[in-house]
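Take a look at the structure set out below.
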Amino acid sequence: MALTRLAIEGIGMTSQRTRDRMIQRLREQGIKNEALLEVMRKVPRHLFMDQALATRSYEDTALPIGHGQTISQPYIVARMTELLLATEQPLEKVLEVGTGSGYQAAILGKLIPKIYTVERIQALYKQARQLLDELGYRNIRTSLSDGSWGVSYEAPFDGILVTAAPEEIPKALLEQLALGARLIIPTGKQGETQLLKVITRQTEEEYQEQIIEAVQFVPLVRN
Ligand code: SAH
């Protein structure tokens with residue numbers, strides 16, 4: 001079924017006013033990138049989750065998307081995207097690991113020319129692909145695979161954003177960063193404090209690590 005304009009714009013708890021309040025909250029939480037805030041003001045987050053949860057979509061919370069997975073809370077999506085964008089280098093091609101609902105990819109797709117996103121659960125991959133098609137995204141490539149191997153045939157990437165937490169950073173992702181590019185990734189064991197990190201590739205062999213804040217993510221599962 002094709003999406004109607006009304007469905008995309010939303011109504012009541014999914015309306016523009018509700019999205020505007022979310023943006024106000026993100027500002028209060030310290031998100032400053034205006035281009036990003038404008039994109040998050042427009043992208044209909046309520047379509048990326050189950051109908052039954054749509055009225056909660058603009059709350060600042062992670063919500064279930066089935067298969068034991070969650071769509072990240074708006075603040076985390078904003079924070080990770082802001083960290084990715086905070087670079088002098090032009091971002092032409094970015095990889096996301098963990099498509100899930102496709103929401104984070106949709107945000108990236110409005111800011112960066114080419115997005116590759118990979119998901120390991122087939123049902124989520126299919127659903128996200130369909131929604132991104134219906135919303136008219138032509139610059140987002142989706143694939144069904146274990147993202148801890150990255151996407152070697154498309155490397156190097158100008159940035160990589162991982163939305164599931166491994167205990168240790170997968171080597172392939174470090175290797176697929178362009179020089180000067182950044183990897184935004186949560187790490188740590190389930191049930192323990194996980195840390196959001198930014199890893200910058202400084203030279204062929206040197207990486208700089210910066211710890212941002214404590215976070216909570218579903219695990220990055222290796223196949
Ligand atoms: N970015 C998503 C968040 C989804 S939660 C969104 O905006 O909705 C994290 C996702 O990572 C889940 O869908 C999970 O299935 C996926 N995932 C976990 N391990 C993975 C792996 N090794 N490769 C690809 N995807 C993985």
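Of the possible donor and acceptor atoms, none in the side chain of Glu96 sits under 3.5 Å from a partner among the backbone N and O of Leu161. Under the 3.5 Å distance criterion, the side-chain polar atoms of Tyr207 are matched with a main-chain donor or acceptor of Leu174. Side chain of Gln176 to main chain of Trp149: a donor-acceptor pair is present (N/O by atom type, distance under 3.5 Å, no hydrogens or angles). Looking only at distances, no side-chain donor or acceptor of Arg129 sits under 3.5 Å from a matching main-chain atom of Leu132. No donor-acceptor pair under 3.5 Å is formed between the side chain of Tyr75 and the backbone N or O of Asp60. Between the side chain of Asn139 and the backbone N or O of Ile112 there is at least one donor-acceptor pair closer than 3.5 Å.
Taking a 6.0 Å sphere around CD of Gln216, one finds it holds 12 or fewer heavy atoms contributed by other residues, nucleotides or ligands. Atom CZ of Arg17 has 12 or fewer heavy atoms from other residues, nucleotides or ligands within 6.0 Å. The local environment of CZ in Arg141 is sparse, with at most 12 non-hydrogen atoms from other residues, nucleotides or ligands closer than 6.0 Å. Within 6.0 Å of CD1 on Ile212 lie more than 12 heavy atoms contributed by other residues, nucleotides or ligands.
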Could you go step by step and tell me if Arg45 and Ile71 meet the side chain to side chain contact (heavy atoms under 4.5 Å, CB included) rule? CA-CA 10 Å; Arg45 180 169 160 92; Ile71 177 171; 3.6 Å; yes
Thr18 vs His46, test: side chain to side chain contact (heavy atoms under 4.5 Å, CB included). Steps then yes/no. CA-CA 11 Å; Thr18 312; His46 57 277; over 6 Å; no
Evaluate the criterion side chain to side chain contact (heavy atoms under 4.5 Å, CB included) for residue pair Glu9 and Gln16; output intermediate values, then yes/no. CA-CA 7 Å; Glu9 280 175 5; Gln16 189 59 58; over 6 Å; no
Run Arg79 and Ile31 through side chain to side chain contact (heavy atoms under 4.5 Å, CB included) and show every step you take. CA-CA 7 Å; Arg79 188 82 173 108; Ile31 305 299; 4.3 Å; yes
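For Ala78 against Leu26, the heavy-atom pair with the smallest separation is CB-CD2, 4.0 Å. Closest heavy-atom contact between Thr193 and Ala214: CG2-CB, 3.8 Å. Residues Thr99 and Ala128 approach most closely at CG2-CB, 3.8 Å, considering heavy atoms. Scanning both residues, Asn33 and Glu82, for their nearest heavy atoms gives N-OE2, 2.8 Å. In plain terms, the two heavy atoms of Ile185 and Pro166 that are nearest each other are CD1-CG, 3.8 Å. Residues Leu177 and Arg201 share a closest heavy-atom pair of O-NH1, 2.9 Å.
Between atom CD of residue Gln127 and atom NE2 of residue His67 there is a gap of 6.5 Å, rounded to the nearest 0.5 Å. Here Leu144 contributes atom CG and Leu124 contributes atom CG; the two are 10.0 Å apart, rounded to the nearest 0.5 Å. Taking CD1 from Ile184 and CD1 from Ile160, the interatomic distance works out to 10.0 Å, rounded to the nearest 0.5 Å. For the atom pair Leu131 CG and Lys126 NZ, the distance stands at 16.0 Å (nearest 0.5 Å). Here the CG atom belonging to Leu183 is positioned 10.0 Å from the CD atom belonging to Glu209, to the nearest 0.5 angstrom. Atoms CZ and CZ, from Arg25 and Arg21 in turn, are 8.5 Å apart once rounded to the nearest 0.5 Å.
By the salt bridge (Lys or Arg N to Asp or Glu O under 4.0 Å) test, Glu92 is found to be paired with no residue, residues two or more places apart in sequence or in another chain being considered. Under the rule for a side chain to side chain contact (heavy atoms under 4.5 Å, CB included), the partners of Glu167 that lie at least two apart in sequence or sit in another chain are Lys189.
No side-chain heavy atom of Ile65 sits less than 4.5 Å from a side-chain heavy atom of Phe48. For the pair Leu36/Ile107, a side-chain contact is recorded, criterion being any heavy-atom separation below 4.5 Å from C-beta on. Looking only at side-chain heavy atoms (C-beta outward), Leu173 and Ile199 stay at 4.5 Å or farther from each other. Inter-residue side-chain proximity for Tyr103 and Ser72 is flagged as unmet; no heavy-atom pair is nearer than 4.5 Å. Using a 4.5 Å heavy-atom cutoff, the side chains of Thr187 and Lys197 are in contact. The shortest distance between side-chain heavy atoms of Leu83 and Leu196 falls below 4.5 Å. Between Ile169 and Val162, every side-chain heavy-atom pair lies at or beyond the 4.5 Å cut-off. The shortest distance between side-chain heavy atoms of Pro170 and Leu220 falls below 4.5 Å.
Looking at Lys114 and Glu154, no side-chain N of the basic residue comes within less than 4.0 Å of a carboxylate O on the acidic one, giving no salt bridge. Residues Glu38 and Arg41 are paired through a salt bridge, judged by an N-O separation under 4.0 Å between the basic side chain and the carboxylate. By the 4.0 Å N-to-carboxylate-O rule, Glu34 lies close enough to Arg27 to be salt-bridged with it.
At a threshold of 4.5 Å between side-chain heavy atoms, the hydrophobic network of Ile, Leu, Val, Met, Phe, Trp and Tyr places Val198 and Val94 in one connected group. Neither Leu195 nor Ile76 shares a network with the other; the hydrophobic side chains, linked directly or stepwise wherever heavy atoms of I, L, V, M, F, W or Y lie under 4.5 Å apart, form separate groups for each. Connection of Leu85 to Leu95 is not established within any shared hydrophobic cluster, with ILVMFWY side chains joined at heavy-atom distances below 4.5 Å, either directly or through further cluster members. Hydrophobic clustering keeps Phe157 apart from Leu179 (ILVMFWY residues linked when any side-chain heavy atoms are closer than 4.5 Å, directly or through intermediates). Ile121 is connected to Phe217 through a chain of hydrophobic side-chain contacts under 4.5 Å among Ile, Leu, Val, Met, Phe, Trp and Tyr, so both are in one cluster.
With Arg56 as the fixed residue, the side-chain contact (heavy atoms from CB on, under 4.5 Å) test singles out one of Thr14, Leu63, Asp50: Leu63.
Using a 3.5 Å distance cut-off with no hydrogens or angles, the side chains of Ser101 and Gln69 do not pair a donor with an acceptor. One side chain, Arg19 or Tyr58, offers a donor N or O that lies under 3.5 Å from an acceptor on the other.
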